[in-house]
Amino acid sequence: MSSIKRYLKFVFPYYKEIILTIIIGIIKFGIPLALPLILKYVIDDIINTSLTADVKLRRLFWVTGLSLFVFVVLRPPIEYYRQYLAQWTGNKVLYDLRRKLFDHIQRLSLKFYANRKVGEIISRVINDVEQTKEFVITGMMNIWLDMITIVIALAIMFSMNVILTLVAMSMFPFYALSIKVFYGRLRKLTRARSQALAEVQGHLHERVQGISVIKSFALEEYEQEQFAQRNRNFLARALDHTSWNAKTFMVVNTITDIAPLFVIMVGAYLVIVGNIAEIGTVVAFFAYMDRLYSPLRRLVSSSTTLTQAIASMDRVFEFADEKYDIVDRPNAITAEDVRGHITIENMSFRYAKDEEYALKDINLDIQPGETIAFVGMSGGGKSTLISLIPRFYDVESGRILLDGRDLRDYKVRSLRDQIGMVLQDTILFSDTVRANIMMGNPEATEEEVVQAAKAANAHDFIMQLPKGYDTQVGERGVKLSGGQKQRIAIARVFLKNPPILILDEATSALDLESEHLIQESLEKLAKNRTTLIVAHRLATITHADRIVVIENGRISEIGNHHELMNRRGSYYELFRIQQLETV
């Protein structure tokens, strides 16, 4: 019920449309309820009378003409608007819910994404949200219409014959009992099936992204079995659900099929003993049995659909309830006119409570406009340290100050507005070159985009692409080389023009020509900015104002290149090894 209450908050803005849809639906379902009465009238008041043939034909003509007008002229537009409004309302609710979830996705921290498969998240936002639409269309419209149809049919049936109506209703308690027995377990099976499907989708999404690795290691047969395991699990959950669903339909449809047989027998008995004189009444009454039990059968199908919708709703709100690791303090301020003075005081950090500290007792003062390089062996904590500056994670103890104020005192988005990042793994989106550069500033003019590209040494190669700045780069920039992707990433930072710059091994995976071009643009970009560099190739950071050596999560050395070389410590050894490797 908690999920339903929360979902209704998304439905409530459209209550007028829902009420209008139900009213139109009542008319739509009410019109066919006249058919048994027309049949009764034709049999008892036209065919089975002593009237002359001319009078009978005249009455038949008027009944037929009026019926055709209702069913051919009035009913079609009613049917159209009933379907259109129902789907319009359902789709609007899904639009609002997905918009809310996408905002939620963007607020979740990197820690969350480190422990989740992308495919599973997509399954929640696409598949599960789509399933919830049936709650609006079926649960808030169709079920009510079917129940209203049942009430109207019963009212007409009572007016025709009380005894036959009571006989028709004799199976109602068994129907209600079967619904109660079967649908509790059906909801659990539906949730299990949805989870299994999400696991298949998550695994598939991950493997499609890494198809080059699978092919390069000739892992096709191994991966086929890995996928088959998850696919078999989904099949088992789906078959469990199907089996229980089939049992539900078997029992409920048997119950609803028995009632018409009772009506036929009792109705025939009443005609034989003379309690019912008009044959048309019995025929019409039996026709109303279909109008009574067809909605009941639909309610079974609707209950199955509704169960699936509620199970999906549970999964959607389970995802929506994921807590934010990074949140603004109640009195957080906007980061403006940032000078770039960064101070780290007695800071320690670990990714989880049960893990070792990735960083321990870090103290560092970085002056505005200073270039600081972080070096050390892989896994030492360099990338972890710079990820704390834009608050991708929050420190566990100690603090990091920006211009004398704790980072946590700033609004997160305004803080990140002041920081430009160029990472080793450049992420480009499946869009044009222009759109990817403009992520640095969506309001930028064409001239500003071109100037940023020129500053990043990217303009020349962009103009050689098939459509220049309008060239589609493909998913994750697959149509571009590593150096080209990096230059586009640098161009968008130029466009952003932040006071703080973070470079995380931005040239480590490039050829010498690309590295030279990118190094040149990075040096241009770093001017008059506080710049933090994580570098693997030490020759690229000898110009840094200070070099910080991080080993096992602690700072072991600080100084410029010449000072550290003269000290002959860890930095000297690393630099000497790299120099020997390049000889």
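Everything numeric here is computed off the predicted structure, so don't read it as measured data. Sequence positions, counted from 1, serve as the residue numbers for this chain.
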Where Val338 and Pro499 come nearest, the two heavy atoms and their spacing: O-CB, 3.6 Å
Sub-4.5 Å side-chain heavy-atom contact between Asp406 and Ile400: no
Side chains of Asp431 and Asn436, donor plus acceptor under 3.5 Å: no
Charged tip of Lys9 within 45° of Phe12 ring normal and under 6.0 Å: no
Nearest heavy-atom neighbours spanning Ala332 and Lys411: O-CE, 3.6 Å
Rounded distance (nearest 0.5 Å) linking atom CZ of Phe10 with atom CG of Leu8: 11.0 Å
Asp337 atom CG, over 12 foreign heavy atoms within 6.0 Å: no
Min side-chain heavy-atom separation Gln226-Glu223 under 4.5 Å: yes
OH/Tyr324: more than 12 non-hydrogen atoms of other groups inside 6.0 Å: yes
Residue pair Val493 / Met421, side-chain heavy-atom distance below 4.5 Å: no
Full working for salt bridge (charged side-chain N to carboxylate O under 4.0 Å, His left out) between Glu130 and Lys133: CA-CA 6 Å; Glu130 188 67 29; Lys133 183 169 74 170; 3.7 Å; yes
Closest heavy-atom pair and its distance - Val200, Arg230: CG2-O, 3.4 Å
Nearest non-hydrogen partners of Gly381 and Leu359, listed with the distance: O-CD2, 3.5 Å
Spatial distance of atom OG1 (Thr531) from atom CD1 (Ile502) [nearest 0.5 Å]: 10.0 Å
Closest non-hydrogen atom pair between Thr530 and Gly340, with its separation: OG1-O, 2.7 Å
Side chain proximity check, Met313 to Phe317, heavy atoms < 4.5 angstrom: yes
Stepwise salt bridge (charged side-chain N to carboxylate O under 4.0 Å, His left out) check, Arg315 with Glu318: CA-CA 5 Å; Arg315 283 170 48 79; Glu318 180 183 52; 5.3 Å; no
Heavy atoms of other groups near Gln106 CD, more than 12 under 6.0 Å: yes
Minimum side-chain heavy-atom gap Ser348-Asp361 below 4.5 Å: yes
Audit row: Arg546, Glu563, salt bridge (charged side-chain N to carboxylate O under 4.0 Å, His left out) steps and yes/no: CA-CA 9 Å; Arg546 282 185 293 163; Glu563 291 172 346; over 6 Å; no
Arg391 and Arg408: CA distance, side-chain angles, deciding distance, side chain to side chain contact (heavy atoms under 4.5 Å, CB included) verdict: CA-CA 8 Å; Arg391 287 191 68 196; Arg408 291 166 291 190; 3.8 Å; yes
Note: Arg434-Glu446 ion pair, threshold 4.0 Å (strictly below): yes
Ser414 and Glu336: side chain donor to acceptor below 3.5 Å: no
Beyond-backbone contact of Val375 with Ile550, side-chain heavy atoms, under 4.5 angstrom: no
Within 6.0 angstrom of Asn441 CG, more than 12 heavy atoms from elsewhere: yes
Residue Asp103 excluded, over 12 heavy atoms near CG under 6.0 Å: yes
Other residues, nucleotides, ligands: >12 heavy atoms within 6.0 Å of Lys100 NZ: no
Positive for salt bridge (charged side-chain N to carboxylate O under 4.0 Å, His left out) with Asp96, one of Arg98, Lys92, Arg99: Arg99
Value rounded to 0.5 Å, distance of CZ in Arg107 from CG in Asp328: 8.0 Å
Electrostatic pair Asp409:Arg399 at N-O distance under 4.0 angstrom: no
Aromatic ring proximity Tyr351/Tyr393, centre distance under 6.0 Å: yes
More than 12 heavy atoms of other groups within 6.0 Å of Phe429 CZ: no
Side chain to side chain contact (heavy atoms under 4.5 Å, CB included) evaluation trace for Arg339 with Asp403: CA-CA 7 Å; Arg339 295 187 301 115; Asp403 293 346; 3.6 Å; yes
Steps toward side chain to side chain contact (heavy atoms under 4.5 Å, CB included) verdict (Phe349, Asp394): CA-CA 8 Å; Phe349 172 79; Asp394 272 340; over 6 Å; no
Which atom of Asn233 lies closest to which atom of Ala196, heavy atoms considered: ND2-CB, 3.7 Å
Polar contact flag, side-chain donor to acceptor under 3.5 angstrom, Tyr357-Glu396: yes
Polar contact flag, side-chain donor to acceptor under 3.5 angstrom, His341-Asp365: yes
Verdict with supporting geometry, Arg567 and His562, side chain to side chain contact (heavy atoms under 4.5 Å, CB included): CA-CA 9 Å; Arg567 194 174 300 172; His562 297 294; over 6 Å; no
Pairwise side-chain contact, Arg237 with Asp240, heavy-atom cut-off 4.5 Å (strictly under): yes
Ion pair Glu322/Arg124, N-O distance below 4.0 Å: no
Heavy-atom neighbours of Glu356 CD exceed 12 at 6.0 Å: no
From Tyr469 atom OH to Met463 atom CE, the distance as rounded to the nearest 0.5 Å: 7.0 Å
Side-chain touch Phe112/Lys323, heavy atoms, less than 4.5 angstrom: no
